[in-house]
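All ligand and atom numbering here is 1-based and tracks the order in the structure. Count residues from 1 along the sequence. On a predicted model such as this, the values are computed, not experimentally measured, just so you know.
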Amino acid sequence: MKRLTTLILLFFTMISVAISHPDQDIAVDHLKVEMLTNPAGIDVENPRLSWEIITETPSTYQQAYQVLVASDPSLLSPDKADLWNSGKVDAEESTNIRYAGEELDKDTKVYWKVKVWTNHGESDWSERAHWILGLRYYKDWKGRWIGFDRAFPWEEVSTFPTLGARYFRDEFDIKKTVERATVYIMGLGLYELHLNGQKVGDAVLAPTPTDYTQNVKYNAYEVTDLLQENGANAVGVMLGNGRYFTMRQHYKPYKIKNFGFPKLLFNLIIHYTDGSTEVISTSDQWKGTADGPIRNNNEYDGEYYDANKEFIGWDQVGFDDSAWLQAEYVQEPVGDYEAQMNENMKVMQDVAPVSLEAIGQDRYVLDMGQNMVGWLQMTVKGKKGDTVKLKFAESLQENGELFMTNLRDAKVTDTYVLKNEEKVTWEPRFTYHGFRFVEISGYPGEPKIEDFMGKMVYDDIKTIGHFETSDPMLNHIYQNAWWGIAGNYKGMPVDCPQRNERQPWLGDRAVGAHGESYMFDNVRLYKKWLDDIRLAQKADGALPDVAPAYWRYYSDNMTWPGTYLMIADMLYQQTGDTSVIRENYPAMKKWLGYMADRYMTEDYIVTEDSYGDWVVPPPSIEAGTGQNADVKRPSALISTAYYYHFMEVMSRFATILGKHEEIPSYQSLKEKVHEGFHEEFYHQGFYGDNKMTDNLLPLAFGMVPEDDRQRVFDQVVETIQIKNNGHLSTGLIGTQWLMRTLSDYGRADLALKLATNTTFPSWGYMIENGATTIWELWHGNVAKPTMNSQNHTMLLGDLTVWFYEYLAGIKAGADSPGFKVFELAPVFVEGLDSVKASFDSPYGAIGSHWERKGEQITWKIKVPANTTAIVKMPISATGGILMNGEALRSGDMEVKLGSGEYELVF
Ligand code: RAM
């Protein structure tokens with residue numbers, strides 16, 4: 001009997017399988033591997049796969065999925081998939097599904113596709129995507145590192161080094177038919193790869209910078225189509241200095257990390273159709289020279305290009321390289337070899353200049369109209385030997401000359417020497433500048449504005465957020481933030497792009513990175529940064545202030561190194577990926593132990609701090625005029641409050657990792673720090689010296705006893721309204737908690753006031769004074785120039801988080817990271833008539849657009865498939881709420897909505 005039932009069941013199942021057919025409306029798209037679209041050369045054995053469900057049908061949820069992975073596109077069917085057929089898996093998860101198929105060999109290209117079953121039917125199979133598992137083991141690499149571990153007579157290794165690019169080349173024959181070929185390359189500091197006369201890929205300034213004593217990133221490119229079958233082929237690689245041969249040599253060697261001369265390891269793995277494989281790799285049979293057109297390249301100082309030194313055809317077959325040297329075997333870099341999982345930089349946008357003016361004989365100033373990061377492309381025609389100089393600056397002096405003093409000793413000059421009378425278009429390769437203005441000198445004839453084009457260069461990551469309000473000043477600030485954040489993405493988030501610094505300072509991004517995550521698809525960049533930070537940890541537990549620690553700053557404080565925890569927390573919240581916590585938890589714990597051992601008193605006060613509330617505004621513009629902003633005001637209040645906060649964060653991390661046994665120790669230390677903090681810093685109704693940040697931190701971290709909260713908060717309000725006449729007085733630390741704390745305590749109106757101020761100190765003040773990005777200093781227009789960048793992101797604090805999570809109200813669910821369940825709960829702040837925002841979550845676009853007309857608010861929202869939005873209505877909407885024209889039950893101040901578009905009116 002049982003057998004019969006099984007048979008009958010089987011029969012019906014077969015019928016239902018046979019008659020089930022995909023629903024035209026439900027599709028799967030945007031397939032990603034480790035959140036990358038079709039990655040070449042990753043080194044994750046079991047990468048995580050993600051996809052998005054696209055449908056117009058409301059409230060669609062995934063109920064099951066099936067993934068197929070095969071070694072050949074022709075095998076991508078359920079009965080043939082040779083690497084993995086997951087079968088139909090009942091699950092709602094559509095992100096971060098681990099590949100659980102056959103173990104893959106090195107340099108393997110695999111193809112995959114997916115289909116889903118939902119509560120509204122099933123999809124068809126997706127389009128196919130692929131990934132390449134690259135080289136996972138040290139031993140997978142063939143050949144040897146080549147380079148020239150020395151300078152040539154025309155080069156100089158001094159404080160301001162001039163070192164030309166190195167050029168290497170080789171030719172090889174291909175005698176068989178190629179099935180597939182992939183290049184794996186480590187070219188340090190920077191490389192540009194050419195095959196048979198063509199540049200490979202569109203990356204610039206690759207690879208991503210690391211501390212090369214810790215890890216070296218390789219890039220991979222599929223080059224099958226660039227190879228010449230049954231014939232001769234040529235490979236050419238240019239090497240630039242980047243951060244490897246660092247920008248300042250023989251100068252403060254105790255502080256500035258230097259790695260050596262540029263070098264290269266190259267593997268081209270060719271699979272032939274007959275099943276055999278060949279590897280072309282670097283050896284001393286390659287030829288090389290440093291006597292080429294790029295005479296100097298330096299991130300601070302610029303590039304010097306002499307076209308007379310060009311060797312045409314050097315990257316093609318048949319070039320006469322008899323004058324070149326034999327490549328030399330060199331020391332390998334110390335760090336481990338790893339696939340680069342974050343994006344390389346690219347020319348992301350063209351920026352046309354807005355004006356060109358003569359400022360003297362043979363000198364012109366070009367205005368880009370925007371403080372930007374990248375370089376200038378120039379078209380020029382003259383005669384042999386004509387030398388054009390391009391000098392970059394962020395602003396002009398009153399006399400119209402470039403303002404250079406805030407760049408410190410960075411020479412920021414690109415030079416081009418003409419070789420003949422032909423018209424040429426040129427741009428540099430191994431440098432970049434932060435600039436709005438360019439001084440052009442030596443240009444033959446009269447330059448025209450059309451001869452120049454700005455190239456905006458930053459990491460090849462998508463802008464995924466859009467934010468706009470009824471207030472032009474807020475929109476302007478948002479635009480400035482976008483330009484500043486994008487431009488400072490340099491394979492690591494640097495503090496500034498123009499002066500002789502450009503360091504990845506941790507503190508600057510602690511909270512900013514969270515706001516940025518709504519604007520840019522920066523997950524892989526920040527994951528890489530967590531690696532940089534972890535790898536910079538000392539054996540004793542110390543974490544640096546700058547990572548990669550190109551500048552050796554281990555000053556021991558809670559705020560800059562603490563960014564390590566905050567970035568991991570942010571990535572977890574925004575993506576739901578627990579690996580960021582798992583991988584970094586031990587190092588975080590070690591650091592917190594180190595800080596407690598060394599700096600925690602018996603009364604649980606953490607005494608050590610370095611920067612205090614860095615760059616607080618001076619009391620007035622007059623008082624700040626000509627003043628140095630580089631003043632450290634260490635504060636035990638700040639370090640102790642952060643210690644408390646991090647105990648809470650670590651408890652959460654321990655919960656996520658299932659390390660429940662570790663939670664009590666965090667909790668008990670947290671309590672003790674709390675008591676100590678209260679004892680030491682609490683006075684009647686305020687903390688510390690009653691500065692804004694002194695009160696903001698305990699409020700933001702939940703340290704204030706309930707009965708005293710309002711009193712303490714009132715102090716913040718009084719400081720803003722009365723002492724500061726409606727302005728903030730926070731520096732880098734306080735501003736990171738400012739807007740959210742004000743809103744959480746019911747004063748979003750005050751936050752809005754601060755955000756729309758145009759008088760000092762405010763973001764609007766910067767704009768009133770010509771800023772097109774965000775300044776390093778609130779008084780940037782009058783401060784002493786020694787530390788005064790005009791393109792820094794650190795003073796954004798939590799402003800962009802506030803834009804998305806408060807004004808638009810889009811926020812990952814408190815108990816559900818990664819936007820599977822998320823909140824939509826804007827503050828419909830008085831004084832704003834509309835806010836329109838969207839953000840591409842891992843599941844698709846989320847939208848929130850509200851508009852106030854008189855007393856009525858219309859709020860349009862968009863919820864992607866396979867997610868749930870917890871939609872919170874304002875308390876003031878008790879007068880009745882219409883959703884898509886129908887009245888919600890009264891008292892329904894919170895509704896859960898599945899995918900779709902909705903319009904709420906109240
Ligand atoms: C300066 C910059 C940087 C900051 C450090 C402490 O170099 O302002 O952004 O983090 O100081």
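- Checked for salt-bridge contact, Glu805 and Arg740 miss the test: no charged N lies under 4.0 Å from a carboxylate O.
- When each of Glu343, Lys528, Met345 is checked for a side chain to side chain contact (heavy atoms under 4.5 Å, CB included) with Thr208, only Lys528 meets the rule.
- Annotation: ligand 1 has protein neighbours Asp495, Arg499, Glu501, Trp505, Asp508, Trp560, Tyr611, Trp614, Glu776, Met787, His792, Met794, each with a heavy atom less than 4.0 angstrom from the ligand.
- Judged by distance alone, the side chains of Gln790 and Ser395 do bring a donor and an acceptor atom under 3.5 Å apart.
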- prompt: Checking side-chain contact (heavy atoms from CB on, under 4.5 Å) for the pair Trp778/Phe760: CA distance, chi angles, key distance, verdict?
  reply: CA-CA 7 Å; Trp778 293 116; Phe760 171 82; 4.1 Å; yes
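- A search for ring pair (Phe, Tyr, Trp, His ring centres under 6.0 Å) contacts involving Phe467 returns Tyr478, Phe803, Tyr804, not counting sequence neighbours.
- Here Lys538 does not pair with Asp540 in a salt bridge; the nearest charged N to carboxylate O distance is not below 4.0 Å.
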